[in-house]
Amino acid sequence: MLHARPTTHTLRFPELEREITAHDDETIFQSARRNCLRIVGACGGRGTCGTCVVRVTEGRIDSSHASAVTEPGATPTHSKKKWLRACQVHARSDCTIEVAPRSLAPVVRAEADTGGVLEVLALDPVVISRDLTVAPATLADNLCDTDRLLRAMGEPALTVDLMAAQELSQMLRAGSSDERWSLRVRQRGNELIDFAPTGSRTLGLAVDLGTTNAAAFLIDLESGERLASLGIENPQTAWGADLISRINFAVRGSDAREELRTAAITALNALAHDLCHAIGARRADIVDAVICGNTAMHHLLLGLPVHQLGRAPFVATVRASMDLKARDLGLHLCPGAWVHMVPNVGGFVGGDHVTALLSTQERWQSSRTSLVMDIGTNTEISLIHEGQILSASCPSGPALEGGHISCGMRAADGAIERVSMENGRIAVRTIGNLDPVGLCGSGVLDALSVLRRANIVNARGRLAADHPDVIELDGKRAAVLAPGVHFSQDDVRAVQLAKAAIRTGVDMLLRDQGLHEQEIERFIIAGAFGAYIDIASGVDIGLFPDLPPTRFEQVGNAAGRGVRQMLASRSARTRATELAAACQYVELSTRSAFQKTFLQHIGFPSDITRRHP
């Protein structure tokens with residue numbers, strides 16, 4: 001029996017200058033995702049977060065399952081149409097669609113660590129290049145091209161990658177004279193992986209594939225210099241801002257898993273292309289790559305099954321480091337290039353935390369008790385005490401980065417990044433000093449700290465009903481931060497859950513070592529989000545223990561720095577493997593004390609006035 005094809009419509013997005021196709025049987029959000037058009041959707045299209053709001057200004061839709069929402073930073077102009085969740089709306093004709101301002105704002109902080117400081121890495125690369133002169137073939141000396149090359153190198157036992165061999169004959173003769181042939185040879189261990197014109201660049205690609213962002217770095221493997229950096233949003237966020245949403249999608253079947261894998265590979269190829277274009281190089285000049293990510297990102301990139309990772313006891317398919325041909329992954333680099341996947345630790349603690357530990361080693365080794373924390377959608381923590389490393393992950397979710405927050409957004413132009421109290425009224429500062437359109441992660445912490453200090457939020461997390469900055473919105477209380485931007489009661493609860501999960505992780509690791517929080521001598525906070533937050537605000541809301549400010553260190557994207565070190569150095573790869581093996585993974589969520597400790601940290605510290613008299 002033949003099934004009728006679904007009716008197709010055209011969706012026009014004037015602000016994005018895009019037109020896409022939509023089918024009757026898919027939502028506007030699904031249509032956008034299929035056509036690689038970005039509409040923020042923190043919950044992955046399940047209709048639970050309200051971040052994917054759009055307004056249909058022309059055309060017919062089926063919105064019987066959609067409820068109207070209040071969109072921050074947007075004022076009605078040409079249309080009186082309501083803002084609706086794109087994941088709950090189906091097109092029934094050609095439509096013109098207005099996207100919420102916070103989906104349009106360009107992201108300005110994507111963990112690329114693009115500061116202007118010159119970075120030169122210590123070199124001990126896995127791939128080496130050398131220019132070679134080869135005697136041309138003659139009737140008297142008619143060795144095959146491969147043997148002729150190996151003879152010139154003086155290493156007859158080397159092997160040659162198949163795709164490199166396919167290019168060898170042409171490369172030897174291109175631009176060479178009758179008297180000699182010259183070319184550049186790229187060697188990895190006992191394998192020749194590529195041949196290029198003499199003097200070609202030898203580049204490496206390092207990638208920190210985060211849950212929210214993908215940060216990539218282009219390194220000159222002959223000088224150790226970082227040539228270019230670039231960060232983009234991980235396109236897998238279209239399937240959900242958190243790991244569990246993506247895992248739940250991936251377990252639907254091999255096609256779903258391949259969708260997520262293809263999204264990641266497409267992003268990595270785009271990063272490689274744009275980085276090379278920025279310096280006038282070719283992707284074929286990239287001869288080596290190293291990629292780190294948490295365990296879920298690692299598995300989704302490699303197409304590994306994740307169903308067993310999403311349920312207790314949270315077992316990974318692969319823990320050790322892996323070396324794979326780039327082309328087998330679908331990466332377009334030099335013909336025989338390899339990719340080194342950083343080893344995982346256990347559970348959701350993956351290679352990105354290993355590289356963070358690697359790059360901060362000199363800091364945490366110098367103290368008896370240190371703690372390394374990379375705050376994000378999935379927060380990883382390592383407690384290092386007298387050389388022993390206990391590692392755990394906390395399902396903190398996207399709230400602390402602005403996800404699942406009613407007016408939350410990425411760190412983009414117009415996002416509120418700082419909140420303060422001036423002359424008894426709430427004051428805000430935005431990225432780019434533009435009109436506020438939403439609230440990013442650093443602003444979330446600041447907002448809650450200010451609301452707590454002003455007793456607009458009490459110690460249990462309840463918004464005051466009688467404060468002039470508190471309004472009723474959609475039947476719930478919300479504190480007004482700026483025109484069109486508010487912080488709701490549900491937002492307070494989302495942050496409470498996130499910070500309680502993280503603080504519970506810290507407490508339980510300390511308990512395993514018989515330590516008190518005051519014994520932490522160094523509290524190292526990694527990640528782009530961690531670089532921008534105000535430590536005092538974190539202490540105010542109970543995210544961090546109340547330690548002297550001098551014990552905290554914000555080190556930025558430590559994972560990115562560590563993966564660059566591994567790209568440049570074989571010894572760094574060895575050390576990363578040793579660190580991954582040394583980490584003792586601790587699964588917290590299945591422990592009987594987890595729930596009790598978690599509930600102890602749901603509320604906010606009651607002694608906030610002592611710190612802010």
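The shown structure was predicted, so the numbers you read here are calculated from the model rather than taken from an experiment. Worth knowing before you read on, the calculation uses all heavy atoms, side chains too, and leaves out hydrogens, waters and symmetry mates.
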### Query
Looking at side-chain heavy atoms only, is the closest gap between L268 and L301 below 4.5 Å?
yes
### Message
Within the 3.5 Å criterion, strictly below it, is a donor on E19 or T10 matched to an acceptor on the partner's side chain?
### Response
no
#### Entry: Nearest heavy-atom neighbours spanning S537 and L445
CB-O, 3.9 Å
### Query
Short question: side chain of T430, backbone of L434 - any donor-acceptor pair under 3.5 Å?
yes
### Query
Are side-chain heavy atoms of V419 and I416 found at a separation under 4.5 Å?
yes
### Query
Can you tell if the side chain of I375 reaches within under 4.5 Å of the side chain of I525, non-hydrogen atoms only?
yes
### Task
Enter the distance from Q236:CD to L243:CG here, rounded to the nearest 0.5 Å.
9.5 Å
#### Entry: Euclidean distance, H299 NE2 relative to L304 CG, rounded to 0.5 Å
5.0 Å
### Query
Do any N or O atoms from the side chain of T355 and from the backbone of A559 form a donor-acceptor pair under 3.5 angstrom?
yes
### Message
Does L11 form a side-chain contact (heavy atoms from CB on, under 4.5 Å) with I28? I'd like the steps, not just the answer.
### Response
CA-CA 8 Å; L11 305 183; I28 289 176; 4.3 Å; yes
### Message
Testing N234, T212, D242 one by one against T377 for a side-chain hydrogen bond (donor to acceptor under 3.5 Å, both in side chains), which residue passes?
### Response
T212
#### Entry: Pairwise side-chain contact, F249 with V306, heavy-atom cut-off 4.5 Å (strictly under)
no
### Partner of I219 under side-chain contact (heavy atoms from CB on, under 4.5 Å), chosen from L121, L205, V290, I286
L121
### Task
Kindly give the heavy-atom pair with the smallest separation between R429 and N433, and that separation in Å.
CG-OD1, 4.2 Å
### Query
Are a donor atom and an acceptor atom from the side chains of S391 and S382 found within less than 3.5 Å of each other?
yes
### Task
Work out which heavy atom in A216 is nearest to a heavy atom in L275; give both atom names and the distance.
CB-CD1, 3.7 Å
### Query
Passes side chain to side chain donor-acceptor pair (under 3.5 Å), Q489 versus D491? Steps please.
CA-CA 5 Å; Q489 185 65 68; D491 298 338; over 6 Å; no
### Query
Does the side-chain contact (heavy atoms from CB on, under 4.5 Å) test come out yes or no for R33 and W239, once each step is laid out?
CA-CA 8 Å; R33 184 167 67 189; W239 286 266; 3.2 Å; yes
### Query
Does any donor atom in the side chain of S31 or H23 lie under 3.5 Å from an acceptor atom in the other side chain?
no
### Query
Is there a side-chain contact between L302 and R261 (heavy atoms, below 4.5 Å)?
no
#### Entry: Distance (rounded to the nearest 0.5 Å) between L497 CG and F598 CZ
5.0 Å
### Query
Under 4.5 Å between any side-chain heavy atoms of V89 and T27, yes or no?
no
### Distance, nearest 0.5 Å, that separates NE2 of H486 from SG of C407
4.0 Å
### Query
Where the side chain of R246 meets the backbone of G240, is there a donor-acceptor pair that is under 3.5 Å apart?
yes
### Message
Between K476 and S488 (side chain of the first, backbone of the second, donor and acceptor by atom type, cut-off under 3.5 Å), is there such a pair?
### Response
no
### Query
More than 12 heavy atoms of other residues, nucleotides or ligands under 6.0 Å from CD of E17: is that the case?
no
### Shortest non-hydrogen separation from L333 to A326 and the atoms involved
CD1-CB, 3.9 Å
#### Entry: Reported SG-to-CH2 distance for the pair C52 and W83, which is rounded to 0.5 angstrom
12.0 Å
### Query
Of E380, M297, H298, which is the lone residue that meets side-chain contact (heavy atoms from CB on, under 4.5 Å) with D352?
E380
### Query
Between T379 (side chain) and G376 (backbone), is there a donor-acceptor pair under 3.5 Å?
yes
### Summary
Heavy atoms of T295 and V349 approach each other most closely as OG1-O, 3.4 Å
#### Entry: Test: D540 and R453 ion pair at under 4.0 Å
yes
### Query
Where the side chain of N378 meets the backbone of F348, is there a donor-acceptor pair that is under 3.5 Å apart?
yes
### Task
Please examine the side chains of F314 and S589, heavy atoms only from C-beta on, and report whether any two atoms are closer than 4.5 Å.
yes
#### Entry: Side-chain ion pair, D534 and R418, N-O less than 4.0 Å
no
### Exam field: side chain R477 to backbone L463, donor-acceptor pair closer than 3.5 Å
yes
### Query
Can a salt bridge be assigned to the pair E119 and R564 using a cut-off of 4.0 Å between side-chain N and carboxylate O?
yes
### Message
When you measure from the side chain of K499 to the backbone of G603, do you find a donor-acceptor pair of N or O atoms at a distance under 3.5 Å?
### Response
yes
### Query
Within the side chain of N344, is there an N or O that forms a donor-acceptor pair under 3.5 Å with the backbone of G346?
no
### Query
Is the CG atom of D435 crowded by more than 12 outside heavy atoms at less than 6.0 Å?
no
### Task
Please report the C-alpha distance between L218 and R226 in whole Å, then the side-chain angles of each, then the deciding distance to 0.1 Å, and finally whether the side-chain contact (heavy atoms from CB on, under 4.5 Å) criterion is met.
CA-CA 6 Å; L218 198 62; R226 175 166 36 138; over 6 Å; no
### Message
Quick check: closest heavy atoms across G560 and D208, and the distance to 0.1 Å?
### Response
N-OD2, 4.0 Å
### Query
To the nearest 0.5 Å, what is the distance between OG (S229) and CG (N557)?
10.0 Å
### Message
Run T504 and C394 through side-chain contact (heavy atoms from CB on, under 4.5 Å) and show every step you take.
### Response
CA-CA 8 Å; T504 297; C394 305; over 6 Å; no
### Message
Is the positively charged end of R55 above the ring of F13, judged by distance under 6.0 angstrom from the centroid and angle within 45° of the axis?
### Response
no
### Message
Would you say that R12 contacts R18 through its side chain, given a criterion of any heavy-atom pair below 4.5 Å between the two side chains?
### Response
no
### Query
Are the side chain of S359 and the backbone of A558 linked by a donor-acceptor contact shorter than 3.5 Å?
yes
